[in-house]
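Order of the sequence lines fixes the chain letters, A, B, ..., with proteins taken first and strands second; residue numbering starts at 1 for each chain.
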Amino acid sequence: MAQEAHGAFYDLLAVRGVSRRDFLKYCSYVAATLGLAETAAPQIAAALEKGTKLKPALWLNGGSCTGCTESMAQVDSPDVATIVLELLSLNYFETIMAAAGEQAEKNIEDTIADGGYLLIYEGAVMMGEDGNTLLVNGEKGTDILQHAAEGADAILAVGACAVDGGWVYAHPNPAGAVGVQSFLDGVKVKTPVVNLPCCPTSPEWVVAMVVQWLLVADDDPALFLEKTALLAKEYHDNYRDADVSLLYPEYIVGSTIHDNCPRRGHFENGEFVTEFGSEEEAKGYCLYKVGCKGPQTYTQCPVTRWNRSVSWCVNSGAPCIGCGGLNWVDNNAPFFKRLSSMQMGGSLGNVQPGSVAAVVGGVAAAALVAHGLGMKAAGRIGDGPPMEEMKAYDRKHGAKKGGDK
Amino acid sequence: MSGHAHYREAHPLVFVITHWINLICMIMLAFSGFYIHFPFFDGFMGVARGMHFVAMFVIIINLTFRIVAAFFVKTATQLGSREVDTDIKNWLPQEENKHQFFETVKYYLFFRKEGVISAKYGSLQKIAYLATIPLTYIMAYTGFCLYGPTADWGFFAGGTAMVGGPMSMRIIHYFMMWVFIVFTMIHAYLANIYNLNPSKIIFAWKETDH
Ligand code: HEM
Ligand code: SF4
Ligand code: SF4
């Protein structure tokens with residue numbers, strides 16, 4: 001099924017109404033996502049034109065809302081991204097595959113048996129109730145993942161849920177959701193996992209990884225890891241009580257949203273939206289005061305943007321809710337407040353740090369005033385109290401005079 | 001406890017200056033910190049952050065200098081005395097402070113009438129003044145975990161990962177500001193509860209008798 005000639009490739013584009021120019025533009029866009037210079041675009045284009053043999057892939061869903069699949073399918077017209085993704089022969093893709101029932105399940109087994117495939121995993125790994133919180137065809141989701149992961153060349157963990165459990169992992173996490181890397185650490189599967197953040201993940205990042213894998217690294221797992229600038233981030237998985245190290249493409253998580261934000265000028269000038277629907281909002285001021293988590297969130301959203309680079313959260317007027325970060329719901333809720341609330345549990349519920357601070361400050365001030373009144377009542381103000389002749393300790397231990405000073 | 005003189009020997013000029021620098025930095029850091037935490041008026045963010053980023057270096061250099069100077073400068077060994085010794089000895093607990101911790105607590109809780117024998121400072125004050133050293137350094141550590149140019153250094157990134165990410169670090173930094181605010185309230189209260197002479201010497205370097 002390899003696409004042999006240039007001609008065939010451009011025919012394919014033409015059928016989909018994509019011009020050569022659109023194609024080159026998209027290639028430079030992918031280059032940017034990979035952190036490559038604009039000059040890498042022709043190389044990517046050439047590689048794509050040359051075509052390559054189809055890469056078998058499995059797209060497995062764990063505890064997910066299928067939002068990442070949605071995000072991938074979010075194309076208004078068939079475009080280059082779709083064509084790149086067609087380089088993958090997705091033998092199993094729950095949401096959109098034609099096969100069903102036993103045939104579909106058999107496709108997984110066949111792919112695993114043949115080897116040399118890429119595993120794309122969407123959603124959280126559901127470890128709760130001994131893995132029974134997610135069953136597919138009577139089989140535990142955890143077993144399916146472990147089995148598929150063992151034979152894969154590499155794994156793309158797409159979306160926050162696959163990265164660290166995402167919102168499913170949020171307190172109190174009754175389903176026992178964890179990320180792919182954390183789960184695989186636990187069952188000692190060493191297949192490399194590359195994490196793509198956000199809720200949902202950006203289709204462009206998946207495309208960039210496919211390009212990187214098939215065209216830049218020539219379908220070689222070792223070369224892929226070597227040629228992709230990767231960054232490790234550590235976190236503590238509370239469910240498994242284990243430290244986990246996640247690999248991300250550096251360019252995607254290397255800088256904060258705040259650093260690349262087009263509203264940053266308003267931030268520095270101290271021009272803020274205080275209320276939605278206000279004049280300030282109409283002027284496009286900075287969303288810091290209405291809870292923007294851009295300063296704490298390390299993703300490339302302002303550069304890649306969403307929906308084929310049409311727009312992104314802050315651009316469309318919504319504060320970043322930090323979905324690209326780790327344990328992102330617990331760390332960022334409530335979304336329209338500057339700091340997250342602290343989960344105190346019990347009748348206290350979730351409390352804003354500012355409220356706690358105000359109580360502590362208030363109690364301290366009140367205590368000092370009360371103490372001051374006490375000091376006055378005790379007649380100590382002015383010259384102070386009469387001094388003791390000797391320390392109480394020395395008196396007790398029988399010293400006659402002086403003692404230990 | 002305070003029916004005594006306040007001489008310059010207790011606070012030589014160099015420490016009057018470091019105390020001023022510390023106070024000014026603290027005010028700048030707390031004010032700009034409050035503003036960064038939640039901008040309560042418009043048009044100041046650039047300045048607030050600039051202020052924070054300058055004062056944070058100054059306060060750390062100032063503290064470090066103050067500690068080093070404690071080994072060279074001589075200060076009064078006792079309240080209301082001109083007799084001096086190397087400052088660090090008077091900063092750390094002295095002979096007079098031994099066995100006096102609970103007595104001091106009792107005194108402040110009105111469980112005893114007489115004042116407690118103490119040296120340059122009472123036990124509680126000593127603990128508080130010494131605690132400000134690690135507290136300020138920890139404050140700086142949490143701050144540098146948030147500071148763009150240093151946040152991804154392993155030394156700081158490790159700590160950020162340990163507390164659960166940059167948001168948790170911000171909240172810790174924010175709470176620590178309140179630790180400083182409460183400390184300052186208690187410190188200013190206890191120092192000046194009997195009369196304002198301690199302020200005269202530490203701010204204006206003005207001696208008072210009796
Ligand atoms: C000692 C060294 C210090 C360093 C290195 C430091 C550094 C920082 C940095 C980098 C930020 C984030 C600014 C931004 O991202 O725009 C920050 C915020 C802040 N700082 Fe400091 N700071 C220090 C001391 C202090 C002190 C002494 C106080 C208060 C007494 C303070 C109070 C605050 C507050 C309240 C915030 C805002 C936190 C938030 O709600 O986001 N800082 N500091
Ligand atoms: S909108 Fe958010 S990311 Fe953009 S400058 Fe303001 S705080 Fe930063
Ligand atoms: S801008 Fe923030 S909320 Fe929007 S996708 Fe990126 S990380 Fe998520």
Query raised in the report: Atom CE in A:M387, atom OG in B:S118: separation rounded to 0.5 Å?
Result: 5.5 Å

**Report entry** Atom of A:R380, atom of B:Y194 and distance for their closest heavy-atom approach
**Finding:** O-CD2, 3.2 Å

Query raised in the report: Got more than 12 heavy atoms from elsewhere within 6.0 Å of CH2, B:W153?
Result: no

Report task. Using non-hydrogen atoms and a 4.5 Å limit, figure out which bit of B:I36 sits close to chain A: side chain, backbone, both or neither. Result -> both

**Report entry** Which atoms of A:N327 approach chain B - backbone, side chain, both or neither, heavy atom under 4.5 Å
**Finding:** neither

Query - A:E268 to B:R49 - nearest heavy-atom pair and separation - result: OE2-NH1, 3.1 Å

Report task. Among the options A:A378, A:S340, A:G379, A:G325, pick out the one with the most heavy-atom pairs lying under 4.5 Å from chain B. Result -> A:S340

**Report entry** Nearest non-hydrogen partners of A:G361 and B:M185, listed with the distance
**Finding:** O-CE, 3.9 Å

Query - Nearest heavy-atom neighbours spanning A:N332 and B:M167 - result: OD1-CE, 4.1 Å

Query - Contact class of A:A367 relative to chain B, heavy atoms under 4.5 angstrom - result: neither

Report summary line: If you tally heavy-atom pairs under 4.5 Å between each of B:E103, B:K113, B:R112 and chain A, the highest tally belongs to B:R112

Query raised in the report: Of the non-hydrogen atoms in B:W178 and A:A357, which two are nearest, and what is the gap between them?
Result: NE1-CB, 3.2 Å

Query - Which atoms of A:Y298 approach chain B - backbone, side chain, both or neither, heavy atom under 4.5 Å - result: side chain

Query raised in the report: In terms of heavy-atom proximity below 4.5 Å to chain A, should B:N192 be classed as side chain, backbone, both, or neither?
Result: neither

Requested in this report: From the options B:I181, B:V182, B:V179, select the one residue that forms a side chain to side chain contact (heavy atoms under 4.5 Å, CB included) with A:V360.
Outcome: B:V182

Requested in this report: Might you confirm whether atom CZ of B:F111 has over 12 heavy atoms from other residues, nucleotides or ligands at distances under 6.0 Å?
Outcome: no

**Report entry** Contacting region of B:I186 [heavy-atom separation from chain A under 4.5 Å]
**Finding:** both

Requested in this report: Mind checking the OH-NZ spacing from A:Y393 to B:K98? Nearest 0.5 Å is all I need.
Outcome: 8.5 Å

Query raised in the report: Should we say atom CH2 of B:W91 is surrounded by more than 12 heavy atoms from elsewhere, each under 6.0 Å from it?
Result: yes

**Report entry** Reported CG-to-CG distance for the pair A:L231 and B:D152, which is rounded to 0.5 angstrom
**Finding:** 8.5 Å

Query - Distance in Å, B:M45 CE paired with A:H266 NE2, rounded so as to fall on 0.5 Å steps - result: 14.0 Å

Query raised in the report: More than 12 non-hydrogen atoms from neighbouring residues, nucleotides or ligands closer than 6.0 Å to CE on A:M342, yes or no?
Result: yes

**Report entry** Proximal component of A:K293, with respect to chain B [non-hydrogen, under 4.5 Å]
**Finding:** side chain

Report summary line: Scored by heavy-atom pairs under 4.5 Å with chain A, the best of B:G50, B:P39, B:G46 is B:P39

Report summary line: Scored by heavy-atom pairs under 4.5 Å with chain B, the best of A:N238, A:V356, A:N331 is A:N331

Query raised in the report: Among B:M177, B:Q94, B:Q100, who wins on heavy-atom pairs under 4.5 Å with chain A?
Result: B:Q100

**Report entry** Region of B:A151 in contact with chain A, defined by heavy-atom distances below 4.5 Å
**Finding:** side chain

Requested in this report: Look at the aromatic rings of A:H371 and B:Y189 and report parallel, tilted or perpendicular, splitting at 30° and 60°.
Outcome: perpendicular

Report task. Give the minimum heavy-atom separation between A:G372 and B:I193, together with the two atoms involved. Result -> CA-CD1, 4.4 Å

Query raised in the report: Think A:R338 forms a cation-pi with B:Y174, using NZ or CZ under 6.0 Å from the six-ring centre and within 45 degrees of its axis?
Result: no

Query raised in the report: Given the rule in the side chain to side chain contact (heavy atoms under 4.5 Å, CB included) test, do B:H37 and A:L339 qualify, once you have shown the distances and angles that lead to the verdict?
Result: CA-CA 9 Å; B:H37 171 67; A:L339 296 182; 3.3 Å; yes

Query - Distance in Å, B:F40 CZ paired with A:F272 CZ, rounded so as to fall on 0.5 Å steps - result: 11.5 Å

Query raised in the report: Has B:F102 got more than 12 heavy atoms of other residues, nucleotides or ligands less than 6.0 Å from its CZ?
Result: no

